[in-house]
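Below is one structure, written out as structure tokens, with a few remarks after it.
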Amino acid sequence: MYDEHALAAKFDIKEWKRIFPFLKPYKKEMILLVLCAVFCSFIDSVFPLMTKYAINNFIEPRTLNGIVWFVAAFVLIAFLQAEFGSVIYSKKAIYIEMCIGRDMRYKLFRHVQELSVDYFNVTPVGFILARIMNDTNSMGGMFSWRLAAIALQASYLVFVLVNMLVLNVKLGIMVLAVMAVMAAIIFLVQKKLIALNRKARRQNAKITAAYNEYINGAQTVKSLSAEQLICGEFSDINNEMRNRTMRVRNLERRVMPFISAIGSLTVALVLSASVPMVNSLVMDVGTLAVFINYTFSILGPIEDLMNSLNNTISLQANVERVNRLMDTPEAVHDAEDIVEKYGTIYDAKKENWEELKGDIEFKNVSFKYPGSERYVLQNFNLKIDAGTCVAIVGHTGAGKSTLVNLVCRFFEPTEGQILIDGRDYRERSLLWLESNLSYVLQSPHLFSGTIIDNIKYANQDATMEQVIAAAKKAQAHDFIEKLPLGYNTDIGQGGDKLSTGQKQLISIARAILADGRIMVMDEATSSVDTKTEQLINGMTSDLLKDKTSFIIAHRLSTVKNADIIILVDNGQIVEMGSHRELLKKQGAYYNLYTSQWEEDEQDKFFKKLKTVQQ
């Protein structure tokens, strides 16, 4: 769906005009590139004329008078063609391709950074990567090599036709008529080839998706002994790719001999019409040689030109996909007056930022997720004083993250207000709020690089002493010191060289270094071992001290000391209060807590029994 939603069939100049701003900085280079291409095609069209001159002035008269100047002129023209064709032409094309691709990638990547969390929840990563990498590369190639190729091929055909008409109008019109027929046939064939290639690309996208899914799920496949099933599914996709590719190749195989036959027929027509002219001295042998040379040489440019034009039309899909990504709105964004006062995420006016204390209030908040008609919250009110620890608990999928997503402004209320320090947080900059957040995710994400690089993502200006202090608070310093290069140890892509627990401790150190007034711990212990869980639980009270904090947890034993506990179920708040208050009610929280306590006691009993037996 995402990869092929914009495979347009018709050329739409309106879509292309939106790409033109990327070309404007390189207008001079593009003009020079086209001029180089035209000059090269002019030189190519001159060489047969020089052959004519050699036949008429050296071969037929059997003399070498003036041969030195002829050779010198030939060498000079060849040198100019090499200089403009191989050096300037290639240099400009490479420069334009790389620069346009770079600018488009940066523009798209910058826009993607501004998009809201909900976009990434529903959009495959592969789709975004394809837009930023593949489509921008296609655009860069279009406005460099392909633009130059179209100019080269088209101008060469014009020069050749003009020369033929000047040399002999009758033969020129004859060749022109055959060229028109051949161009029409090639255009129709290329159109069919593009349609077949699109189908092949769709199938290739399925193969890529299958590779990605099956390789990422290799452990699951083996655990289910599903290798034969997976291979069968992949074989079907792979065979369909073969069939679609074969249709393309078979059409190409049938067309090439046909084009060659038309070329040979054209040469035969030229010979049959020109031999009598030569015999009657109406045409010289040199001119005949030029016509034969031109007739053979125009076959390739006609085919290449039709191919280039059709491929340009097929790039409509790439253009539309890039434009659609650029058009994707930010679901959460600052109003114009807010941007004017507080700046953007790339150009912040921090001198206007107010200090964030941490008072948070939900005021008649109703919320439903984008695309959904069901309200998760309705007329919800809650006041949280600065420094309060709020725990949000419930079963998996109960909707625990909704409140935190609203507080962090990953989403905004459908109705009502969320106040921070007494003001609607939409009256302040989004970056102002983000800069005051410390967030520990359930599944820790680290970037490629060193440990110190990852911790300092929270504060690029932090000193080494501050980094070490944060790592010590997160109980990460000891294991970091034992690594070969300590804080300068490379952790691999996504932190693959570290255990899950170690990655989580580093992510906690990063959150500590951020020193946000609002702290969020999203099931920070759910994916770590028991030892790491005990470390994290032991440091929690110290980490959350003097901060407005939110703990999302499945295990109730980790949140007993929270100031407020909110139990959610099916997207609704069921109960709210302190641990003691909720136990006294003997309601849903009481039932959930006692059932978990019984499970914990059973686990402890069986562990002790196992130890005794050993």
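Quick caveat, the model's predicted, so the values are computed rather than measured.
- Using a 4.5 Å heavy-atom cutoff, the side chains of Ile77 and Met50 are in contact.
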Should Arg247 and Asn250 be marked as a side chain to side chain contact (heavy atoms under 4.5 Å, CB included) after you check the CA-CA gap, both sets of side-chain angles, and the distance that decides it? CA-CA 5 Å; Arg247 294 188 190 104; Asn250 286 334; 5.8 Å; no

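- Taking a 6.0 Å sphere around NZ of Lys368, one finds it holds more than 12 heavy atoms contributed by other residues, nucleotides or ligands.
- Within the 4.5 Å cutoff, side-chain heavy atoms of Tyr294 are placed close to those of Leu49.
- Side-chain contact between Arg321 and Leu325: absent, with no pair of heavy atoms (C-beta onward) separated by less than 4.5 Å.
- Of all non-hydrogen atoms in Ala37 and Leu152, the two that sit nearest each other are O-CD1, 3.1 Å.
- Between Phe143 and Phe20, the ring planes lie perpendicular to each other; the angle is over 60°, past the 30° to 60° tilted range.
- Summarising the local packing, CD of Glu336 is surrounded by 12 or fewer heavy atoms from other residues, nucleotides or ligands at distances under 6.0 Å.
- With values rounded to the nearest 0.5 angstrom, Ile338 atom CD1 is found 6.5 Å from Glu427 atom CD.
- Residue Met164 is tested with Ile173, Val175, Val290 for a side-chain contact (heavy atoms from CB on, under 4.5 Å); the sole match is Val175.
- Separation of atoms OG (Ser429) and CD (Glu434) is listed at 8.0 Å; rounding is to 0.5 Å.
- Here the CG atom belonging to Asp304 is positioned 12.0 Å from the OH atom belonging to Tyr156, to the nearest 0.5 angstrom.
- Separation of atoms CG (Leu305) and CD1 (Ile298) is listed at 12.0 Å; rounding is to 0.5 Å.
- Between Phe22 and Cys99, the closest side-chain pair of non-hydrogen atoms is not below 4.5 Å.
- Between the side chains of Tyr106 and Arg102, not a single donor N or O lies within less than 3.5 Å of an accepting N or O.
- Side-chain N or O atoms of Lys349 include one that pairs as donor or acceptor with a backbone N or O of Glu340 at under 3.5 Å.
- Side-chain atoms of Thr136 come within 3.5 Å of backbone atoms of Ile132 as a donor-acceptor pair (strictly under, hydrogens ignored).
- When all heavy atoms are compared, the tightest approach of Pro444 to Thr500 is CG-O, 4.1 Å.
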May I have the step-by-step check of side chain to side chain contact (heavy atoms under 4.5 Å, CB included) for Tyr342 and Trp432, ending in yes or no? CA-CA 8 Å; Tyr342 295 103; Trp432 169 81; 5.6 Å; no

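- At least one side-chain heavy atom of Phe291 sits under 4.5 Å from a side-chain heavy atom of Leu167.
- The nearest pair of heavy atoms linking Tyr26 to Ile100 is CD1-CG1, 3.9 Å.
- With hydrogens and angles ignored, the 3.5 Å screen pairs no side-chain donor or acceptor of Thr450 with any backbone N or O of Asn488.
- Atom NZ of Lys341 sits about 12.5 Å away from atom CG of Asp334, to the nearest 0.5 Å.
- Distance CG/Leu35 to OH/Tyr89: 12.5 Å, rounded to 0.5 Å.
- Under the 3.5 Å distance criterion, the side-chain polar atoms of Asn239 are matched with a main-chain donor or acceptor of Ser235.
- In this structure, Ile455 and Tyr487 have side chains that are in contact, with non-hydrogen atoms separated by less than 4.5 Å.
- Around atom CZ of Phe109, no more than 12 heavy atoms belonging to other residues, nucleotides or ligands sit under 6.0 Å away.
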CA sep, side-chain torsions, deciding dist, call: Ile420, Arg409, side chain to side chain contact (heavy atoms under 4.5 Å, CB included): CA-CA 11 Å; Ile420 294 182; Arg409 206 179 163 192; over 6 Å; no

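- Residues Cys36 and Ile88 share a closest heavy-atom pair of SG-CG2, 3.4 Å.
- Using the six-membered ring where Trp is involved, Tyr457 and Phe447 have ring planes that are tilted, between 30° and 60° apart.
- Listed here is the closest heavy atom pair of Val407 and Leu433: O-CD2, 3.5 Å.
- Of the possible polar contacts, none joining the Asn238 side chain to the Phe234 backbone as a donor-acceptor pair under 3.5 Å is found.
- Taking 4.5 Å as the limit, every side-chain heavy atom of Val322 sits out of range of all side-chain heavy atoms of Arg18.
- No side-chain donor-acceptor contact under 3.5 Å links Asp347 to the backbone of Gly343.
- Although no hydrogens or angles enter the test, the distance criterion places no donor-acceptor pair under 3.5 Å between the side chain of His333 and the main chain of Glu114.
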If you apply the rule side chain to side chain contact (heavy atoms under 4.5 Å, CB included), what do you find for Ser116 with Phe410, and how did you get there? CA-CA 7 Å; Ser116 308; Phe410 296 154; over 6 Å; no

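- You'll find the side chain of Ser144 stays beyond 4.5 Å of the side chain of Tyr95, heavy atoms only.
- Relative orientation of the Phe159 and Phe42 rings is perpendicular, given thresholds of 30° and 60° on the angle between their planes.
- Nearest heavy atom pair, residue Tyr346 against residue Arg110, reads OH-O, 2.8 Å.
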